[in-house]
Amino acid sequence: MSRDIIAIDGPAGSGKSTVARAVAQALGWSFLDTGAMYRALTSEALYQGIDVHDANAMALLARDARIDTLPRIRVNDRDVEDEIRSEPINLAVSVVAANPLVRASMVGRQREIADAQLTGTVVEGRDITTVVFPNATLKVYLTASLDERSRRRGEEGVASVARRDIADSTREASPLRQAPDALVIDTTGRDVHEVVGEIVECLKNIK
Ligand code: DC
C-alpha cells in the first residue's frame with residue numbers, strides 16, 4: 001500500500017527543514033530530510049579520502065554506504081549530525097548531488113524509507129515533488145528572498161547560498177524545479193506556525 005506523502009522542495013534557507021519537521025509533528029507523521037542524506041554521503045567521502053569529483057567512486061560509495069536518518073543522521077555507523085552542516089560539506093555537497101549515479105541510489109533509498117513507515121511521511125529536498133514522489137498526496141514549494149535565506153543560514157553567508165542556488169537549479173541531473181501543481185508559499189517574513197497551518201489546512205481540503 002502506498003503511504004501518504006507531503007513532498008516539499010525549495011532552495012537553501014527557504015524554511016524546508018523547519019517547516020517539514022513541524023508539519024510532521026503536527027500530523028504525527030515521519031519526517032525525512034533528504035539533503036542530510038547527500039550531506040552524510042559527502043562527509044563519508046571526505047572521511048575516506050574519496051575525491052567527490054570521481055563519479056564512479058562516488059557511485060560505489062552511494063551504493064554501499066549505510067545511511068541511517070533517525071534519531072540522528074549516521075553514515076556507516078558514524079554520527080555526522082553536527083558535522084554535515086560544516087563549511088567543507090557546504091562546499092562539496094553540490095558536486096555530490098549533481099552526480100546522477102549518486103542520485104539514483106539516494107532516490108531509491110528515499111522511497112524505501114517512506115514506504116517502511118507506518119504513518120505518512122513529510123519529505124523535503126530539491127527533487128521530491130518532481131522526481132522522488134511526483135504523485136505525492138500534497139506537493140509544496142517553499143521560497144524566500146535571498147537576503148532572508150542567507151540570514152537563516154547564519155555563518156554560511158550570502159555568497160555561498162547564492163552559489164548553491166545556482167549549482168542546484170542549473171545542474172543537468174534533477175535540478176531544483178517548481179512542480180506545476182505545487183502549493184507555492186513565500187516564507188519571507190512569515191511565522192513558521194502560520195506556514196505549517198497553511199500546509200495542514202491544504203492537506204485537509206484534499207483528503
Ligand atoms: O537542503 P540542504 O541544504 O541540506 O541540501 C544539501 C545539498 O544537497 C544541496 O546543495 C542540494 C542537494 N540536495 C539535492 O540535490 N536533492 C535533494 N533531494 C536534497 C538536497
Side-chain angles (χ1 to χ4, degrees), residues 5-21 23-24 31-46 52-53 55 58-59 61-62 65 67 69-70 72-73 75 80-114 121-134 136 139-144 146 148-179 182 187:
I5 300 283
I6 296 180
I8 305 183
D9 285 327
S14 57
K16 292 187 307 289
S17 291
T18 310
V19 168
R21 228 179 264 275
V23 169
F31 161 68
L32 179 60
D33 172 355
T34 61
M37 295 173 70
Y38 289 96
R39 287 173 178 272
L41 203 62
T42 305
S43 155
E44 187 61 11
L46 300 184
V52 293
H53 294 93
M58 286 307 301
L61 183 68
I67 300 177
T69 56
L70 291 172
R72 287 168 64 87
I73 184 112
V75 56
V80 291
E81 177 90 24
D82 300 323
E83 187 208 309
I84 57 170
R85 309 285 160 199
S86 67
E87 198 49 26
I89 307 285
N90 288 336
L91 284 171
V93 69
S94 317
V95 177
V96 174
N99 180 333
L101 301 168
V102 167
R103 300 200 71 83
S105 274
M106 292 299 113
V107 168
R109 287 175 191 232
Q110 288 153 15
R111 291 181 180 143
E112 276 169 25
I113 292 171
T121 306
V122 184
V123 188
E124 59 100 341
R126 300 293 190 291
D127 61 342
I128 310 305
T129 58
T130 53
V131 175
V132 188
F133 294 110
K139 298 182 220 177
V140 180
Y141 188 89
L142 292 186
T143 181
L146 178 61
E148 175 133 352
R149 294 191 292 108
S150 306
R151 248 195 319 277
R152 290 175 186 161
R153 283 292 157 120
E155 282 176 7
E156 186 176 350
V158 68
S160 173
V161 171
R163 179 192 63 76
R164 264 181 335 113
D165 281 354
I166 293 170
D168 295 340
S169 53
T170 59
R171 69 180 179 220
E172 230 165 89
S174 310
L176 172 64
R177 289 264 184 280
Q178 194 177 304
T187 65

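We count ligands from 1, going down the list as the structure has it; atoms in each ligand are counted the same way.
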Peer 1: Quick one: side chain to side chain donor-acceptor pair (under 3.5 Å) partners of Glu148, sequence neighbours excluded?
Peer 2: Arg152

Peer 1: Can you find a non-hydrogen atom of Gln110 under 4.0 Å from ligand 1?
Peer 2: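 No, that is not the case, since the closest heavy atom of the residue is not under 4.0 Å from the ligand.
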
Peer 1: For Glu81, give me all partners under side chain to side chain donor-acceptor pair (under 3.5 Å), at least two apart in sequence or on another chain.
Peer 2: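 Counting only residues at least two positions away or on another chain, Glu81 forms no side chain to side chain donor-acceptor pair (under 3.5 Å).
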
Peer 1: Only one of Thr42, Ile84, Val80 clears side-chain contact (heavy atoms from CB on, under 4.5 Å) with Val75; which?
Peer 2: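 Only one of Thr42, Ile84, Val80 forms a side-chain contact (heavy atoms from CB on, under 4.5 Å) with Val75, namely Val80.
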
Peer 1: Tell me: protein heavy atom nearest atom 4 (O) of ligand 1, and distance?
Peer 2: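 Ranking protein heavy atoms by distance from atom 4 (O) of ligand 1, first comes Arg39 NE, 2.7 Å.
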
Peer 1: Below the 3.5 angstrom mark, is there an N/O of Arg126, backbone or side chain, next to an N/O of ligand 1?
Peer 2: yes

Peer 1: Let me know which of Gln110, Arg126, Lys16 forms a side-chain contact (heavy atoms from CB on, under 4.5 Å) with Thr34.
Peer 2: Gln110

Peer 1: Quick check on side chain to side chain donor-acceptor pair (under 3.5 Å): which of Arg39, Arg85, Arg164 does Asn90 satisfy it with?
Peer 2: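 When side chain to side chain donor-acceptor pair (under 3.5 Å) is applied between Asn90 and each of Arg39, Arg85, Arg164, only Arg39 qualifies.
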
Peer 1: Any N or O of Glu124 that comes nearer than 3.5 Å to an N or O of ligand 1?
Peer 2: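 The answer is no, given that Glu124 and ligand 1 share no N or O pair closer than 3.5 Å.
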
Peer 1: Run the salt-bridge test on Asp9 and Lys139 with the 4.0 Å N-O cut-off and return the result as yes or no.
Peer 2: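 So Asp9 does not pair with Lys139 through a salt bridge.
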
Peer 1: Can Asp127 and Val107 be said to form a side-chain contact (heavy atoms from CB on, under 4.5 Å), step by step?
Peer 2: CA-CA 9 Å; Asp127 61 342; Val107 168; 3.9 Å; yes

Peer 1: Which ligand 1 atoms, with their elements, are less than 4.0 angstrom from a heavy-atom of Val93?
Peer 2: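 Listed by number with element, the hits are 7 (C), 8 (O), 10 (O).
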
Peer 1: Closest non-hydrogen protein atom to atom 11 (C) of ligand 1, residue and atom name please, with distance?
Peer 2: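 The closest heavy atom on the protein side is Asp168 OD2, 3.4 Å.
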
Peer 1: May I ask you to check if ligand 1 and Arg153 share an N or O to N or O distance below 3.5 Å?
Peer 2: yes

Peer 1: By number and element, which atoms of ligand 1 are closer than 4.0 Å to a non-hydrogen atom of Ala97?
Peer 2: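 This gives 12 (C), 15 (O) as the contact atoms.
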
Peer 1: Could you tell me, atom by atom, which parts of ligand 1 come under 4.0 Å of a heavy atom of Thr34?
Peer 2: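 What qualifies from ligand 1 is 17 (C), 18 (N), 19 (C).
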
Peer 1: Pick one: which of Thr129, Leu176, Thr130 meets side-chain contact (heavy atoms from CB on, under 4.5 Å) with Tyr141?
Peer 2: Leu176

Peer 1: Starting from atom 20 (C) of ligand 1, which protein heavy atom do you reach first, and at what distance in Å?
Peer 2: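 That would be Gly35 CA, 3.5 Å.
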
Peer 1: Which atoms from ligand 1 have a heavy atom of Arg85 less than 4.0 Å away?
Peer 2: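 What qualifies from ligand 1 is 4 (O).
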
Peer 1: With a 4.0 Å heavy-atom cut-off (strictly under), which part of Arg103 contacts ligand 1: side chain, backbone, both or neither?
Peer 2: side chain

Peer 1: Can you tell me if Arg171 contacts ligand 1 (heavy atom of the residue under 4.0 Å from the ligand)?
Peer 2: yes

Peer 1: Taking atom types as modelled, find out whether Ser43 and Glu83 have a side-chain donor-acceptor pair closer than 3.5 angstrom.
Peer 2: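 On atom types as modelled, these side chains qualify, holding a pair under 3.5 Å.
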
